[in-house]
Asks: 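There's a structure below that I have some questions on.
All heavy atoms count here, side chains included; hydrogens, waters and symmetry mates do not.
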Amino acid sequence: MKKKISTNRLLTIGTWLAILMIWFVITKYNLVSAIVVPAPGDVFRTFIDILKNGYNGTSLWVHLGTSFYRLFVASLLAIITAVPLGLLSGYFEKTRAIVDSIVQFYRPLPPLAYYVVLILWLGIGESSKVTLLYLAAFAPIYVACVSAVTNINQDYILSAKSLGANQRNVFFYIVLPACLPEIFTSIRTAVGVAYTTLVSAEMVAATSGIGWMVIDASRYLKSTVIFVGIIIMGISGLLIDLALRKLEDKFVYWKGYQ
C-alpha cells in the first residue's frame, strides 16, 4: 500500500515537473509571444514584487483576505442553508416540491446572467458579490443532499422504525450519518464552484481581491500578473480542498465501510 502511494506521488510530482519543463522550453526558445506565455522567471519576479509592494497600491494579503472573506462567508451560508434544505427535500416530498424547482431553475444559469439582477437589487457592494457566490455554492450542496437521502437503503429506515424509532430518531441516527460522505463531497465541489465564480463576482465595482487583480491585469496585458493570480488561486484552492478532505477524514471516518 505504501509503495502504491509513493508511486502515485512520484507520478504527480513528475507530471508537474513535465508541465514546468514544457513551460520553460516554450519561453526559452520564444515559441510563443511573452505576452501570451511569460517566462517562469518573470512570473516569479512579479510575484516577489507583488509580495513586497502589493498591486495597485494594495497589499497582496489584502487582496487575498478580501477574496477569502467573500468566499468563506458565502460558502458557510450555503452550507448552513443547503444541507438542511437538501436533507429535508430528500426526506419529505412536500418540501422538495417547494424548493427543488427553484434550485433547478437557476442552477444552469451562468453566474453573470443573474449577477446583473443581483446588482440591481443589492447594489455594487459586498452584498451582491457574496450572494452571487452563495448561489453558486448552494446548488451543488442541495442537489447532493437530496440525492444522498433518496439513495439510502430503505431497509435501514424500516428496521429502525420496526424497533420503535420515531421520525426524528430516524433522521438524526440513520439519514444524517448515511448522507455525511456525500455532504462533504458536495461541500468540496461547492467551494470549488464558488471559487471559480469569484472572478465574476469581482469584475464589477471591485478595487481589491485576487480575482479583481487578474481582471485588472488583463485590461493592460500584464500577463505575468495574470499568471501570478491564477497560480495563487490554484494553490490556495488546493489547500482549501486539502483542509476539507482532512475534516472529512476526521468526521466521516467510516466512509467506504458502510
Side-chain angles (χ1 to χ4, degrees), residues 16-17 19-20 23-24 27 33-80 111-112 115-116 118-119 121-138 187-247:
W16 282 103
L17 287 175
I19 291 172
L20 289 173
W23 183 12
F24 177 79
T27 55
S33 170
I35 296 177
V36 178
V37 182
D42 293 337
V43 173
F44 181 74
R45 283 188 288 273
T46 299
F47 169 70
I48 296 299
D49 180 64
I50 294 174
L51 192 62
K52 290 180 178 178
N53 306 312
Y55 179 77
N56 200 37
T58 303
S59 166
L60 176 62
W61 304 113
V62 172
H63 286 299
L64 285 171
T66 302
S67 292
F68 285 155
Y69 167 78
R70 293 164 179 160
L71 178 67
F72 290 143
V73 169
S75 298
L76 181 61
L77 289 174
I79 292 168
I80 63 179
L112 283 177
Y115 190 27
V116 179
L118 292 176
I119 291 172
W121 290 350
L122 303 173
I124 57 177
E126 292 298 314
S127 298
S128 59
K129 294 174 176 58
V130 171
T131 303
L132 178 69
L133 299 180
Y134 165 77
L135 291 173
F138 181 93
I187 289 172
R188 289 172 55 197
T189 303
V191 171
V193 172
Y195 210 163
T196 60
T197 312
L198 186 65
V199 175
S200 300
E202 294 179 344
M203 282 180 67
V204 180
T207 56
S208 62
I210 197 70
W212 172 83
M213 191 175 81
V214 171
I215 291 294
D216 185 74
S218 69
R219 296 190 184 106
Y220 305 101
L221 298 178
K222 298 177 181 178
S223 56
T224 53
V225 177
I226 295 171
F227 270 63
V228 168
I230 290 172
I231 291 170
I232 289 174
M233 285 192 286
I235 292 174
S236 58
L238 284 172
L239 292 175
I240 292 170
D241 188 69
L242 179 62
L244 289 172
R245 279 191 288 174
K246 293 294 184 183
L247 285 174

Asks: What distance separates Trp121 CH2 from Leu118 CG, expressed to the nearest 0.5 Å?
Replies: 7.0 Å

Asks: Stepwise, does the side chain to side chain contact (heavy atoms under 4.5 Å, CB included) test hold for Asn56 with Trp212?
Replies: CA-CA 11 Å; Asn56 200 37; Trp212 172 83; 3.3 Å; yes

Asks: Set out, in order, the CA-CA distance, both residues' side-chain angles and the distance that settles side chain to side chain contact (heavy atoms under 4.5 Å, CB included) for Asp216 and Tyr55, then state yes or no.
Replies: CA-CA 10 Å; Asp216 185 74; Tyr55 179 77; 2.6 Å; yes

Asks: Rounded to the nearest 0.5 Å, what's the gap from CD on Glu202 to OG1 on Thr207? Could you check?
Replies: 10.0 Å

Asks: Just so I know, are the side chains of Thr46 and Ile50 near enough to count as touching, which here means a heavy-atom distance under 4.5 Å?
Replies: yes

Asks: Let me see the working for Arg70 and Glu126 under salt bridge (Lys or Arg N to Asp or Glu O under 4.0 Å), right down to the final yes or no.
Replies: CA-CA 8 Å; Arg70 293 164 179 160; Glu126 292 298 314; 2.8 Å; yes

Asks: Can you tell me how far CD1 of Ile226 sits from CD1 of Ile215, rounded to the nearest 0.5 angstrom?
Replies: 8.5 Å

Asks: Tell me the closest heavy-atom pair linking Val193 and Ala136, and the distance in Å.
Replies: CG1-O, 3.5 Å

Asks: Around Ile124, counting heavy atoms of other residues, nucleotides and ligands shown, do more than 12 lie under 6.0 Å from its CD1?
Replies: no

Asks: Side chain to side chain contact (heavy atoms under 4.5 Å, CB included), that's the test. Do Ile80 and Leu77 meet it? Break it down for me.
Replies: CA-CA 5 Å; Ile80 63 179; Leu77 289 174; 4.2 Å; yes

Asks: Give the intermediate values and the outcome of side chain to side chain contact (heavy atoms under 4.5 Å, CB included) for residues Val199 and Met233.
Replies: CA-CA 10 Å; Val199 175; Met233 285 192 286; 4.3 Å; yes

Asks: Quick one: which of Leu198, Thr66, Leu71, Val228 gives a side chain to side chain contact (heavy atoms under 4.5 Å, CB included) with Ile210?
Replies: Leu198

Asks: Rounded at 0.5 Å granularity, tell me how far CG in Leu133 sits from OG1 in Thr196.
Replies: 9.0 Å

Asks: Inspect the contact between Asp49 and Arg45 and indicate whether a charged nitrogen and a carboxylate oxygen are less than 4.0 angstrom apart.
Replies: no

Asks: What are the two closest non-hydrogen atoms of Thr27 and Val37, and how far apart are they?
Replies: CG2-O, 3.4 Å

Asks: Quick one: does Ser223's side chain have a donor or acceptor within less than 3.5 Å of a partner on Ile35's backbone?
Replies: yes

Asks: To the closest 0.5 Å, what do you measure between OG1 (Thr224) and CZ (Phe44)?
Replies: 13.5 Å

Asks: Under 3.5 Å, side chain of Thr131 to main-chain N/O of Ser128, donor-acceptor pair present?
Replies: no

Asks: Could you check whether the rings of Tyr195 and Phe68 sit parallel, tilted or perpendicular, using 30° and 60° as the cut-offs?
Replies: perpendicular

Asks: Hey, what do you get for CE (Met213) to CD1 (Ile232), rounding to the nearest 0.5 Å?
Replies: 5.0 Å

Asks: Closer than 3.5 angstrom, by distance alone: can the side chain of Ser67 be matched with the main-chain N or O of Leu64 as a donor-acceptor pair?
Replies: no

Asks: So, for Lys129 and Tyr115, which heavy atoms are closest and what is the spacing to 0.1 Å?
Replies: CG-OH, 3.3 Å

Asks: Looking only at atom types and distance, does a side-chain atom of Trp23 sit under 3.5 Å from a main-chain N or O of Pro38, one as donor and one as acceptor?
Replies: yes

